[in-house]
Amino acid sequence: MSAPRVTTAPKVVAVTESSPADQAGLRPGDELLSLNGRSPRDVIEYSLLVDEPDLDLVVRRRGHADPLELRVAKEPGEPLGAEVSSAVFDRVRTCDNHCEFCFIHQLPKGMRRSLSLKDDDYRLSFLYGNFTTLTRFTEMDLERVLTERLSPLFVSIHATDPDVRAEMLRNRRGAVSLRWLTALLDGGIEVHGQVVVCPGKNDGDVLEDTLAGVLDRYPSLATVACVPLGVSRFSHESAMRPHTRSEAAAVCDTVERWQATFLSALGRRMVFAADEYYLMAERPFPAARTYEGFPQHENGLGMARAFEAAFGGDERAALGVRPGFFAAVDGAPASGYRARRGGPGEAVVDPSAPIAILTGEYGALVLGPLVESLGRDDIRLVPVANRFFGGNIGVSGLLTGADLIDVLADQPTGHRYLLPDACLSEGRFLDDLAVADLPRPVEVVRTDGLSLRRALESGGPVDQPARSERIPVTLGASR
Ligand code: SF4
């Protein structure tokens with residue numbers, strides 16, 4: 001297969017003052033046609049190119065008939081000082097699967113188009129932690145991943161039985177594409193796996209078989225996350241339904257039994273069940289130490305325990321926000337980092353006013369005991385039901401502006417309202433409403449226990465820590 005054709009030149013969106021780019025005359029709006037004679041396909045290649053000393057740039061600038069040539073003087077490794085507009089300059093590789101459980105197929109009509117992008121692109125897996133099924137992975141991709149050490153990657157497994165996997169992806173290539181997982185692991189790439197567990201499809205015996213298959217064929221996987229499918233009220237798939245309480249408990253049991261097996265065979269637990277399973281099963285979360293450093297914290301595994309530890313003052317456990325279902329398609333800047341999610345929050349007139357914490361229905365279950373432990377009667381939780389998506393959607397990261405407007409309209413004025421930043425992307429909710437559209441001023445708080453604790457103890461909006469706003473793209477070495 002030939003290399004992907006470059007269809008869009010990277011567009012400069014910001015230039016740092018006094019940086020090499022600034023001194024060379026590069027400006028926001030310029031399109032980078034080539035860097036040292038090369039046109040990067042994506043921001044990974046771009047990052048490698050701009051690492052070089054002394055760059056020759058060819059740029060297209062509005063108002064100029066001919067491209068301009070700029071010479072940048074810089075040291076090797078010195079930042080160029082130019083931010084570009086997207087992660088992938090050729091085409092994002094879209095998925096050719098038709099999974100029954102796909103949440104993108106369950107979106108209401110009329111949502112912005114970028115949310116419907118079904119990507120299955122290893123580059124977005126590397127840059128943003130998106131899961132790829134590898135059904136469109138190629139020999140050339142493998143060569144690049146191994147050469148450039150694009151690690152870690154995140155792979156959707158769902159089932160190790162080829163027929164079940166092909167049926168779940170509704171793609172016959174699903175039966176064979178896990179051969180690439182073997183090749184990646186053999187090449188020393190760190191890979192995290194995911195099983196979206198759908199009741200009646202790949203739970204029960206199939207899940208047992210899948211975890212046995214992982215131990216047998218993919219024992220060097222870093223982790224495997226078992227997460228429940230989300231079912232919105234817009235789903236047209238009659239076979240897809242939420243887990244019952246006993247089915248959720250059975251998933252917890254299966255995972256815990258296999259943790260013991262992995263622990264004795266490999267010295268680590270490897271497989272984890274999402275927090276939602278413990279909430280659905282109405283069981284306490286496993287102890288924090290059993291999450292072995294929270295490697296898939298951002299996918300909802302151990303998030304509650306990490307939140308609790310951070311709320312209690314453990315700074316190391318303040319692991320930040322889950323990237324969210326749409327993190328890579330919307331509001332995610334180009335170099336593989338998560339954008340600042342919300343604005344700084346609006347000032348509140350009376351810093352000693354009663355405090356209301358806005359949260360999703362699952363979040364309320366986690367936060368309830370923590371808030372209660374403070375013994376303060378000026379703090380209350382305001383759980384927001386997800387009427388927008390309906391179904392079993394209860395995570396705070398999918399709260400929408402419309403639901404918040406409904407709930408806040410009935411809340412008193414003059415109180416402090418804290419909103420988790422997990423539901424925002426560049427200050428906007430999934431339904432395109434903004435924080436400014438809400439009927440009460442809110443303070444946007446980073447979604448970790450430490451930030452919430454600080455906000456509760458402060459007399460007003462707290463500065464959002466910069467940590468974790470950028471996840472640097474690391475090339476040439478495993479992360
Ligand atoms: S692979 Fe992902 S994006 Fe593609 S159909 Fe399945 S769930 Fe949807």
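Both counts, for ligands and for their atoms, begin at 1 and track the order of listing.
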When you compare the side chains of D120 and T132, does any donor N or O come within less than 3.5 Å of an acceptor on the partner?
yes

Below 2.8 Å, which protein N, O or S atoms neighbour atom 4 (Fe) of ligand 1, ignoring water?
C95 SG

Please determine, by modelled atom types, if S177 and T135 share a side-chain donor-acceptor pair under 3.5 angstrom.
no

Determine the sole option in V382, V445, V371, L419 for which the side-chain contact (heavy atoms from CB on, under 4.5 Å) test with I357 is passed.
V371

Output yes when a protein non-hydrogen atom is found under 4.0 Å of atom 1 (S) of ligand 1, and no otherwise.
yes

Sorted by chain and residue number, the ring-ring contact (aromatic ring centres under 6.0 Å, His included) partners of F137 (sequence neighbours excluded) come out as Y122, W180

Can you tell me if K118 and H105 form a side-chain donor-acceptor pair at under 3.5 Å?
yes

Roughly how far, to the nearest 0.5 Å, is CG of L124 from CG of L153?
11.0 Å

